[in-house]
2 protein chains.
Amino acid sequence: MADTRWLDEDEQRTWRTFLRAVHLLDSALDRQLRRDSGLPHAYYQALVALSEAPERALTMTELAGLLRSSPSRLSHAVARLEEDGLVRRFKRPGDRRTTIVSLTPEGMEVLREAAPGHVEEVRRVLFDTISREQADRLREISEAMLGALDPGGEAPGRPAS
Amino acid sequence: MADTRWLDEDEQRTWRTFLRAVHLLDSALDRQLRRDSGLPHAYYQALVALSEAPERALTMTELAGLLRSSPSRLSHAVARLEEDGLVRRFKRPGDRRTTIVSLTPEGMEVLREAAPGHVEEVRRVLFDTISREQADRLREISEAMLGALDPGGEAPGRPAS
DNA sequence: CCGGAATACTTGAGAGTTCAACTGTGTTCT
DNA sequence: AGAACACAGTTGAACTCTCAAGTATTCCGG
């Protein structure tokens with residue numbers, strides 16, 4: 001660890017502006033989802049991932065992988081979602097280690113009800129405030145970040161937010 | 001609330017890529033800071049804000065404003081920082097409502113020790129992975145987001161990260 | 001085919017965040 | 001002056017996330 005390569009003034013401003021934007025964006029989304037559907041954003045994302053999976057079911061490990069979540073975090077989350085009846089958990093036949101999580105009809109319903117408001121919020125805080133071209137740049141930048149942060153990670157999938 | 005303006009495929013990919021990048025970036029920073037200094041990122045930011053203030057002191061309200069933090073969150077945070085001896089709290093003479101938080105020498109020292117590693121991490125996850133030009137674009141995009149998220153918010157300050 | 005490593009989670013404790021309610025102080029209006 | 005209101009912060013409970021351990025299976029080398 002030699003001398004620190006401090007941030008120059010431009011980098012400082014960029015960094016702080018970015019941090020603040022991300023912080024506010026995250027809070028806005030989380031608050032909107034909690035208010036309108038009772039789910040934190042992270043839990044909502046879990047339901048989305050399940051809804052797009054074949055059979056609307058995934059193993060804990062698969063789901064954790066998609067969400068970049070620790071096993072522990074996911075375990076707690078799924079426990080809560082199961083209590084609420086939004087997902088169901090059962091063992092995979094033939095492998096008693098593996099737990100399969102599947103989205104229940106109730107979970108799907110909660111998702112259907114939450115989605116429109118969520119998408120509106122995503123537009124409000126992001127896509128309505130930047131141009132199409134800026135969005136393209138943002139994606140490139142995000143992909144570059146993922147290079148360092150998520151080596152070997154596939155690009156996220158396509159379907160419904 | 002008329003028909004939902006769903007995200008098109010490009011927007012979906014951008015959104016998900018961005019979300020994932022931000023999530024990983026945040027975790028990386030938080031983990032690095034907790035490991036190396038025992039402070040969560042939010043607490044570190046509070047110390048930074050104080051260190052840059054005149055007299056290294058701010059009122060709770062001022063600090064909450066700079067950090068875009070709720071009064072409650074800040075109150076809990078400052079309570080913890082005070083227990084650790086990194087900040088001190090006292091009432092403003094002449095206004096018994098107002099609490100002033102000031103950075104202690106110990107707090108300043110913790111900051112000094114944490115800063116280099118933190119900056120390295122910021123470089124690693126952001127500035128080393130994108131070009132100078134992308135950084136400029138990122139700042140513009142972040143500023144645009146802040147237009148919707150933080151109406152009437154001044155641009156963040158300049159000094160040390 | 002047996003013992004050690006790897007896999008797939010789960011659990012519990014400790015922190016941090018949120019939300020709603022509450023306390024104590026200034027301000028304002030009449 | 002007095003009532004109503006606004007302001008500045010704090011508190012407690014519920015919840016979520018993290019980290020370290022622990023449990024239960026399955027895989028693998030000798």
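In what follows, chains carry the letters A, B, and so on, assigned in the order in which the sequence lines appear, proteins first and then strands, with residues in each chain numbered from 1. Worth saying up front: this structure is predicted, and the values here are computed from it rather than measured.
If you take CD of B:E82 and C1' of C:dA15, they are 18 Å apart, rounded to a whole angstrom. Following rounding to the nearest Å, B:D95 (CG) and D:dC7 (P) show an atom-to-atom distance of 13 Å. Distance NE2 (A:H41) to C1' (D:dC15): 18 Å, rounded to an integer number of Å. Between the P atom of C:dT7 and the CZ atom of A:R92 lies a distance of 15 Å, rounded to the nearest Å. One can place CZ of B:R35 at 21 Å from P of D:dC17, the figure rounded to the nearest angstrom. When rounded to the nearest whole Å, the span between CZ of B:R73 and C1' of D:dC15 equals 15 Å. Counting to the nearest Å, the P atom of C:dT10 and the CG atom of A:L74 are 8 Å from each other. For the pair A:Q32 CD and C:dT18 P, the computed distance is 16 Å after rounding to whole Å.
Which of D:dA8, D:dT25, C:dC9 sits closest to the side chain of A:R97 comes down to D:dT25. Distance from the side chain of A:S72 is smallest to C:dT11 among C:dG16, C:dC9, C:dT11. The side chain of A:Y43 has D:dT16 as its nearest neighbour among C:dC9, D:dT16, D:dT10.
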Working for side chain to side chain contact (heavy atoms under 4.5 Å, CB included), residues A:I100 and A:E62: CA-CA 9 Å; A:I100 294 178; A:E62 287 164 347; over 6 Å; no

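Side-chain atoms of A:T104 and A:E106 include a donor-acceptor pair closer than 3.5 Å. A donor atom on one side chain and an acceptor atom on the other are not found under 3.5 Å apart for A:K91 and A:T98.
Within the 4.0 Å cut-off from OP1 or OP2 of C:dG16, at least one side-chain nitrogen or oxygen of B:R80 is found.
Of the residues near DNA chain C, A:K91 and A:H23, the one whose nearest nucleotide (by heavy atom distance) lies more toward the 5' end is A:K91. Looking at which nucleotide of DNA chain D each of B:T59 and B:R34 is closest to, the 5′-most match is held by B:T59.
A:T99 comes within 4.0 angstrom of the backbone, heavy atoms only, and of no base. B:R89 comes within 4.0 angstrom of the backbone, heavy atoms only, and of no base. Using a 4.0 Å heavy-atom cutoff across all strands shown, A:T61 reaches sugar-phosphate atoms only and no base atom. Within 4.0 Å of B:D30, counting heavy atoms only, lies no atom of the nucleic acid at all. Heavy atoms of B:P40 sit under 4.0 angstrom from primed sugar atoms or phosphate atoms, though from no base atom. At the heavy-atom level, A:T98 lies under 4.0 Å from the strands shown only through sugar-phosphate atoms. As judged by a 4.0 angstrom heavy-atom cut-off over every strand, B:A42 is placed among residues touching the sugar-phosphate backbone only.
Here B:E120 does not pair with B:R123 in a salt bridge; the nearest charged N to carboxylate O distance is not below 4.0 Å.
Remark: the backbone N or O of A:S142 is not paired with any side-chain donor or acceptor of B:R20 at under 3.5 angstrom.
Applying the 3.5 Å distance criterion, the base of C:dG12 shares a donor-acceptor pair with the side chain of A:H76.
Side-chain atoms of A:H41 and A:H118, non-hydrogen and from C-beta on, do get closer than 4.5 Å to each other.
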